[in-house]
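Side chains are part of it too, since the values below use all heavy atoms of this structure and drop only hydrogens, waters and symmetry mates. Every number for a ligand or one of its atoms is a count from 1 in the order of the listing. Model, not experiment: these values are computed from the prediction.
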Amino acid sequence: MTIIDGKKIKDKILGEVKDKIEKKNLELKLAIILVGDNDASKIYVSNKEKACEYVGIKCDKYLLDSSTSQEDVINLIDKLNNDDEVTGIILQSPVPSHIDFDKCAGTIKYYKDVDGFTRDNIYNLYMNKEGLVPCTVKGIIRLLDEYKIEIEGKHVVIIGRGNIVGKPLIHAMMNRNATVTVCHSKTKNLEELCRTADILVSAVGRPNLITKEMIKEGAVVIDVGISRVDNKVVGDTSFDEIKDKCTFITPVPGGVGPMTVAMIMENLLTAEDLKNNG
Ligand code: NAD
């Protein structure tokens, strides 16, 4: 059994991005919009800032008061869309309830949408013309690639059909010729379906959802879930219970989590390419 080291791969990727930026003398800029005062969001934004600083990408933060109107958020995105110095734009989720996140994020120009959430980018993923792919999904694929875990022809069972992970992952896996099964809160025979997975990806956010009985001997398990239990961050799997049945498994924390930021940095390179050639 191999524990997939997301932190190590993240560091490697950040090093590669830094090298590319230095060699090509690129001047890239990420604009992050944060509306309101969410503590978790502040941590995520700070991680993105740190990664930008490390690889040599400028990072402008727009900290907007929680009472900011949706119109003002859209106006700011419009301004950033039209600013040639801005390579990528992130609207940090969640936003206050009077703001429609999808509507606002949907106004980001597709080639600046480094989170990969706009219609054009989702359509490209759907059409197997991947451009800016949602970062967690890109991170999962990259972890499998880095550990030379074959996807083609494998039965991939995805638990969770959320818009950020589960749904885009269905397409990313199909684009790589996997046979894909999707499970969710209304799935009747979750245990049985999971046992047929060569690669099991859980993106739910429910501690101990995945137990030993649900794992096929030799399976690869990718745990995307994040929950807090007794002030500790845990995933969806009963890690200690299942690890010996797996060939590869991601820990939480330290598996998929670190990859998301690394993939934003890679998406900024892709965004620059799309701007010039797309
Ligand atoms: P979501 O709420 O959009 O989706 C959760 C999904 O889980 C739903 O499709 C629901 O049907 C399914 N579900 C709920 N209970 C279930 C059950 N008992 N059995 C089977 N399926 C069940 O959430 P999301 O945004 O897709 O995020 C999912 C998890 O991944 C969360 O814990 C989130 O924190 C985590 N996450 C991690 C990263 C990372 O970088 N590691 C990034 C994004 C999300």
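A heavy-atom separation below 4.0 Å is not found between C183 and ligand 1. Note on ligand 1: A203 sits in its first shell, one or more heavy atoms being nearer than 4.0 Å.
Here E22 pairs with K18 in a salt bridge; the nearest charged N to carboxylate O distance falls below 4.0 Å. Taking a cutoff of 4.0 Å between a charged side-chain nitrogen and a carboxylate oxygen, K12 and E146 qualify as a salt bridge.
Counting protein heavy atoms only, atom 6 (C) of ligand 1 is closest to G160 CA, 3.7 Å.
Closest of all the heavy-atom pairs between F239 and I3 is CZ-CD1, 3.8 Å. Across I164 and P168, no two heavy atoms sit closer than the pair O-CG, 3.3 Å.
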Distance-only donor-acceptor hits, side chain of residues 200-214, under 3.5 Å, sequence neighbours excluded:
from	atom 1	to	atom 2	distance (Å)
S202	OG	D236	OD2	2.8
N208	OD1	S238	OG	3.3
T211	OG1	E213	OE1	3.1

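Residue R206 touches ligand 1 through its side chain alone, judged by heavy-atom distances below 4.0 Å. Both the backbone and the side chain of V224 come within 4.0 Å of ligand 1, counting heavy atoms alone.
Note: an N/O pair closer than 3.5 Å links I226 and ligand 1 by distance alone. Annotation: R161 places an N or O atom under 3.5 Å from an N or O atom of ligand 1; distance criterion only.
Of all atoms in ligand 1, numbered sequentially from 1 with element shown, those under 4.0 Å from a heavy atom of I159 are 20 (C), 21 (N).
In the hydrophobic clustering, where aliphatic and aromatic side chains (Ile, Leu, Val, Met, Phe, Trp, Tyr) are joined below 4.5 Å either directly or transitively, L193 stands alone.
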